[in-house]
Protein chains: 2
Amino acid sequence: MKKFINRPEDVVEEMMQGLAVLHPSLARLLGHKVMVRADAERARDQQVAVIAGGGSGHEPAHAGYIGVGMLSAAVVGEVFTSPSSDSILAAIKAVSGEPGALLVVKNYTGDRLNFGLAAEMARAEGISVEMVIVDDDVALKGTGQATGARGLAGTIFIHKLVGAAAAEGRSLAEVAAMGRAAVESLATMGVSFSAGTSPAVGKPSFELGEHEMELGLGIHGEPGVKRTRLQTADELTETLLAEVLKHGRFGDEKRVAVMVNNLSATTEMELAIVARHAMSFLESKGITVERIYAGTFLSSLDMAGISITVLGVNDEWLRWFDAVTTAPAWPNAL
Amino acid sequence: MKKFINRPEDVVEEMMQGLAVLHPSLARLLGHKVMVRADAERARDQQVAVIAGGGSGHEPAHAGYIGVGMLSAAVVGEVFTSPSSDSILAAIKAVSGEPGALLVVKNYTGDRLNFGLAAEMARAEGISVEMVIVDDDVALKGTGQATGARGLAGTIFIHKLVGAAAAEGRSLAEVAAMGRAAVESLATMGVSFSAGTSPAVGKPSFELGEHEMELGLGIHGEPGVKRTRLQTADELTETLLAEVLKHGRFGDEKRVAVMVNNLSATTEMELAIVARHAMSFLESKGITVERIYAGTFLSSLDMAGISITVLGVNDEWLRWFDAVTTAPAWPNAL
């Protein structure tokens with residue numbers, strides 16, 4: 001394993017120290033692996049707090065999305081490990097005021113459990129808390145998987161929408177309802193060319209042959225639904241979008257926002273090539289691509305791979321996409 | 001080779017099509033591999049045009065830096081291949097008005113030649129053109145290499161400074177002089193864990209053992225100055241910064257801006273860990289880190305590696321760092 005790290009057991013702590021150095025707009029919550037808006041004290045009574053989090057290894061998710069117009073706080077677990085409910089509760093208490101808090105949680109058992117417990121504890125202390133569960137993965141749809149679909153990169157679209165709505169002064173009930181409605185029209189499908197390597201494990205979580213790829217995989221080294229031969233960028237874009245379109249519900253007007261997400265080690269040249277064909281393929285299906293983004297939104301260690309997310313949108317949601325945010329990891333798009 | 005591409009010979013053309021899809025603020029110059037600000041027609045008489053370019057494979061450099069407050073145009077060569085002087089001239093003519101044009105060129109023989117020739121041709125047509133050559137690599141300092149130091153990621157700091165100065169209405173002579181002064185206090189040193197793979201070649205440009213790294217390498221698969229055993233992130237950060245400090249001249253006040261640049265396949269977790277120690281190491285040397293950035297600023301295909309750049313700064317330059325830009329690849333930092 002070749003990584004720019006010191007001791008594997010220190011990576012998350014040292015990363016958080018680094019994020020604090022890189023982004024003066026973020027502050028560390030003492031005693032917890034929690035980062036908050038540096039101006040949280042001022043903001044907490046002015047808007048619904050939006051809190052996300054989960055295991056590390058998905059950078060820039062989630063701390064990179066902290067800022068005006070996106071997240072109020074991010075709770076940071078160890079690599080691929082759900083954060084503790086204690087830390088989640090500490091985050092809620094640090095950034096929530098009278099308007100309450102919305103937790104945006106990817107659909108994994110540990111995250112649901114720990115965020116859910118923290119929400120209960122916060123409510124017991126008189127804080128209004130709602131939770132939105134993101135389950136945008138379409139790879140396992142129809143397989144009868146008991147825990148439901150996983151939360152993938154589409155989660156970042158939800159951060160942007162609920163973050164902008166909260167910054168605009170919407171109530172907790174409104175922001176939560178909008179977030180849930182957005183999850184309903186969100187669909188993501190991923191593909192990997194090579195697995196990521198966790199610092200603590202030191203070797204890739206699975207091996208793929210030189211001409212193989214794996215479709216529909218998770219972001220924690222879980223195997224995908226299908227291992228197949230390499231395809232060209234255009235073929236692969238259509239393969240991913242075909243699954244997304246098959247399972248997604250994007251509304252009668254067929255207006256969408258699209259994300260080409262880099263799972264980590266894919267180049268920007270490749271992302272642009274995929275984005276180009278995603279646009280023309282979707283338009284050939286009578287779908288209007290209102291916004292399209294490419295970049296590293298939610299990664300999986302150093303995996304080579306991408307996911308494509310499609311979200312049905314309306315005029316209000318587009319306004320929230322375009323709303324200014326200071327979050328360092330949201331693309332500069334003035 | 002596993003890449004999200006179609007035919008290797010089409011990657012640059014298709015990438016440019018993708019960039020046009022992703023960034024409505026960029027426009028394609030017909031008949032050339034040139035991208036320009038979509039509002040170039042309006043801007044050309046209002047400010048000095050800033051033009052950069054070079055071979056592809058360094059994304060988001062350079063087209064990602066097109067926008068208000070940074071580049072007016074980027075000339076895009078094939079992978080690791082200097083663009084033609086015809087295309088450079090077309091770019092100059094497309095975006096330059098009365099205030100003239102500044103070319104920011106990385107110090108490679110092909111780029112110097114082709115940009116220099118285009119500058120001559122443009123002057124012959126009555127356009128005022130100046131050129132700033134960026135040679136920030138310190139790896140080859142003192143080796144007596146005839147062509148001088150290479151241009152590396154520090155080039156993007158120069159884009160930001162001259163772009164902001166030009167947007168502020170400074171004259172061509174002023175912007176060029178400031179750009180040259182900035183290059184004088186700019187120093188970069190890189191390290192690689194694995195070589196990149198060019199789409200046309202299909203295999204990595206060199207091989208490194210499981211416990212080896214290469215210091216002071218170029219961004220076109222050139223070998224480095226030293227192959228050595230892996231170091232921890234903190235040791236390696238000091239190794240790179242020691243070379244940077246040895247050769248760089250950052251001014252008496254020792255105020256600097258720092259960039260931790262991802263050469264492509266390094267994770268944001270690792271960048272943050274390096275940034276954290278870069279900050280504390282520089283401060284232990286009595287240097288004031290006024291700004292620090294981490295991200296993929298100038299890559300080398302899919303190489304796993306980083307470079308660290310240090311630039312001596314003053315108050316005016318810091319203002320230009322912080323000036324708003326619409327360039328999609330400059331970090332969102334409102």
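Heavy atoms only: backbone and side chains are in, while hydrogens, waters and symmetry mates are out. The sequence lines fix the lettering, A, B, ..., with proteins before strands; numbering per chain opens at 1.
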Using non-hydrogen atoms and a 4.5 Å limit, figure out which bit of His211(A) sits close to chain B: side chain, backbone, both or neither. backbone
Spell out, as yes or no, whether a donor-acceptor pair under 3.5 Å connects the side chain of [X] to the backbone of [Y].
X         : Y         : value
Glu210(A) : Met1(B)   : yes
Lys2(A)   : Ala304(B) : no
Asn6(A)   : Asp234(B) : yes
Asn332(A) : Trp330(B) : yes

Should [X] and [Y] count as side-chain neighbours, where that means a heavy-atom distance under 4.5 Å?
X         : Y         : answer
Phe4(B)   : Thr266(A) : yes
Glu59(B)  : Thr267(A) : no
Met269(B) : Ser56(A)  : yes

Between [X] and chain A, with a heavy-atom cut-off of 4.5 Å, which part of the residue counts as in contact: side chain, backbone, both or neither?
X         : result
Leu301(B) : backbone
Leu236(B) : side chain
Ala20(B)  : neither

Spacing of Leu22(B) atom CG and Glu268(A) atom CD [to the nearest 0.5 Å]: 10.0 Å
Residue-level contacts of residues 10-18 of chain A with chain B, using a heavy-atom cutoff under 4.5 Å: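 Within residues 10-18 of chain A, the residues that come under 4.5 Å of chain B (heavy atoms only) are Val11(A), Val12(A), Glu14(A), Met15(A), Gln17(A), Gly18(A).
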If you count heavy-atom pairs under 4.5 Å with chain B, which of [options] comes out on top?
options                                    : value
Val21(A), Asn262(A), Thr296(A)             : Val21(A)
Ile306(A), Val274(A), Leu230(A), Asp302(A) : Ile306(A)
Gln231(A), Arg276(A), Arg291(A)            : Arg276(A)

Contact winner vs chain A - Pro24(B), Ala327(B), Pro199(B), Ser194(B), heavy-atom pairs under 4.5 Å: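 With the most close heavy-atom pairs to chain A, the winner is Ala327(B).
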